[in-house]
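Below is one structure; the comments refer to it alone.
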2 protein chains.
Amino acid sequence: MGRGGGEGALGAWFDMCQHRHMSNAKALPLLEPAAEPCCPPLNERPLTADEAERTAVMFKALGDPVRLRLFSAVASHDGGEACVCDISDVGVSQPTVSHHLKKLKEAGLLSSERRGTWVYYRVEPAVLAAMGQLLTKAATA
Amino acid sequence: MGRGGGEGALGAWFDMCQHRHMSNAKALPLLEPAAEPCCPPLNERPLTADEAERTAVMFKALGDPVRLRLFSAVASHDGGEACVCDISDVGVSQPTVSHHLKKLKEAGLLSSERRGTWVYYRVEPAVLAAMGQLLTKAATA
DNA sequence: CACCTGTATCGACGGACGTCAACATAGACA
DNA sequence: TGTCTATGTTGACGTCCGTCGATACAGGTG
């Protein structure tokens, strides 16, 4: 629970990425901390067991249709933020929605905040970008 | 089994993407068919049940640590292609390796070809790029 | 305070998944 | 043909996971 946001596996994964990134990042200052490349692309070298273990958590979180719809619903909402009541129309019961949102939060893809009666979830742009470059860099390299 | 490559869920997913892409693609010719953007980014609009169902298959395929290591091993090999014997050192038995490679193939992420004694797996760059843009476009938009 | 609404947690059930040993198949070679 | 190596398939087992109803918690309203 060191940094703000999720309290799940993202912390370790992101820290791992930052650590690796730091070894060859010397000239770039601290602007745009969310859009920077991060972590070895999948085709740079075979992932270690640790890297795979942590990275798989995030892919697994998006590997369920209901979670993918929930995540997309949050991400496509204004400001990348949505109340649970706005996105819970995905064909499963309310406890199941809550369960999946918790999973996405544990994977570090979403963070939540209670404001009055309602709870709002929003996406973590940095992680999204990191995951994307994991794939796009692999595709274009 | 219409197109070359995998025979799994990729076919439907890619076709779905192409179909959608065709509706707003009028001015671009057929160069770089593999690097083109494809499918709505996750933050463009909430995914439908069908879209989520098909897309989740690919994320789920990368949601297992062993499969992620196998995929990374293939992708990082020369030419994006590797013999099974080169990548099967991931700490599980040979049948399990074969099982996971089959899953990756069914998800459309890998294709396989037998050449003599050995079987070679290689990545599908188009799908990789499509998945990446699903995330990077969502991250930067 | 009581009551209502929105969200999270608990406990249980059924199905999917990762794993293995045993066996089957494909090709190379003698 | 037989044998050896490389890979895929089968069947079984244990565990994880998605789902639900019931219940608990939080906050607003009266």
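The figures that follow rest on heavy atoms only: side chains count, while hydrogens, waters and symmetry mates do not. Every chain is numbered from 1, with letters handed out A, B, ... down the list of sequences.
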Checklist entry - With a 4.0 Å cut-off on heavy atoms, is A:Tyr121 in touch with a base, just the backbone sugar-phosphate, or nothing at all? => result sugar-phosphate
Next on the checklist: Taking any heavy-atom pair under 4.0 Å as a contact, classify A:Val97: base, sugar-phosphate, or nothing.
Outcome noted: nothing
Next on the checklist: If the threshold is 4.0 Å, N to carboxylate O, is there a salt bridge linking B:Arg45 and B:Glu51?
Outcome noted: yes
Distance below 4.0 Å between [X] side-chain N/O and [N] OP1 or OP2:
X        : N      : answer
B:His100 : C:dC17 : no
A:Ser93  : D:dT19 : no
B:Arg115 : C:dG27 : no
B:Thr96  : C:dT19 : no

Distance, rounded to the nearest Å, where [X] contributes [atom1] and [N] contributes [atom2]:
X        : N      : atom1 : atom2 : result
B:Lys60  : D:dG18 : NZ    : P     : 8 Å
B:Leu70  : D:dG8  : CG    : P     : 11 Å
B:Leu104 : C:dG18 : CG    : P     : 10 Å
B:His99  : C:dA16 : NE2   : P     : 14 Å
B:Lys102 : C:dG18 : NZ    : P     : 13 Å
A:Ile87  : C:dG6  : CD1   : P     : 15 Å
A:Arg114 : D:dA26 : CZ    : C1'   : 5 Å
B:Leu68  : C:dG18 : CG    : C1'   : 15 Å

Next on the checklist: Once hydrogens and angles are ignored, does a donor-acceptor distance under 3.5 Å link the base of C:dA8 to the side chain of A:Gln94?
Outcome noted: yes
Checklist entry - Checking B:Arg115 against B:Tyr120: charged group under 6.0 Å from the ring centre and within 45 degrees of the axis? => result yes
Checklist entry - When rounded to the nearest 0.5 angstrom, what is the spacing between CG in B:Leu70 and NE2 in B:His99? => result 11.0 Å
Checklist entry - When rounded to the nearest 0.5 angstrom, what distance separates CD in A:Glu53 from CG in B:Leu68? => result 10.0 Å
Next on the checklist: The test is side-chain contact (heavy atoms from CB on, under 4.5 Å); show your working for A:Leu109 and A:Met58 and say whether it passes.
Outcome noted: CA-CA 7 Å; A:Leu109 296 170; A:Met58 313 184 56; 3.7 Å; yes
Checklist entry - Hey, which of these two, B:Cys83 or A:Lys103, hits DNA chain D nearer its 5' end, going by closest nucleotide? => result B:Cys83
Checklist outcome for this item: Note: for A:Thr117 and A:Asp64 on DNA chain D, the residue whose nearest nucleotide lies more 5' is A:Asp64
Checklist entry - What nucleotide among C:dT7, D:dT19, D:dG8 has an atom nearest to a side-chain atom of B:Val84? => result D:dG8
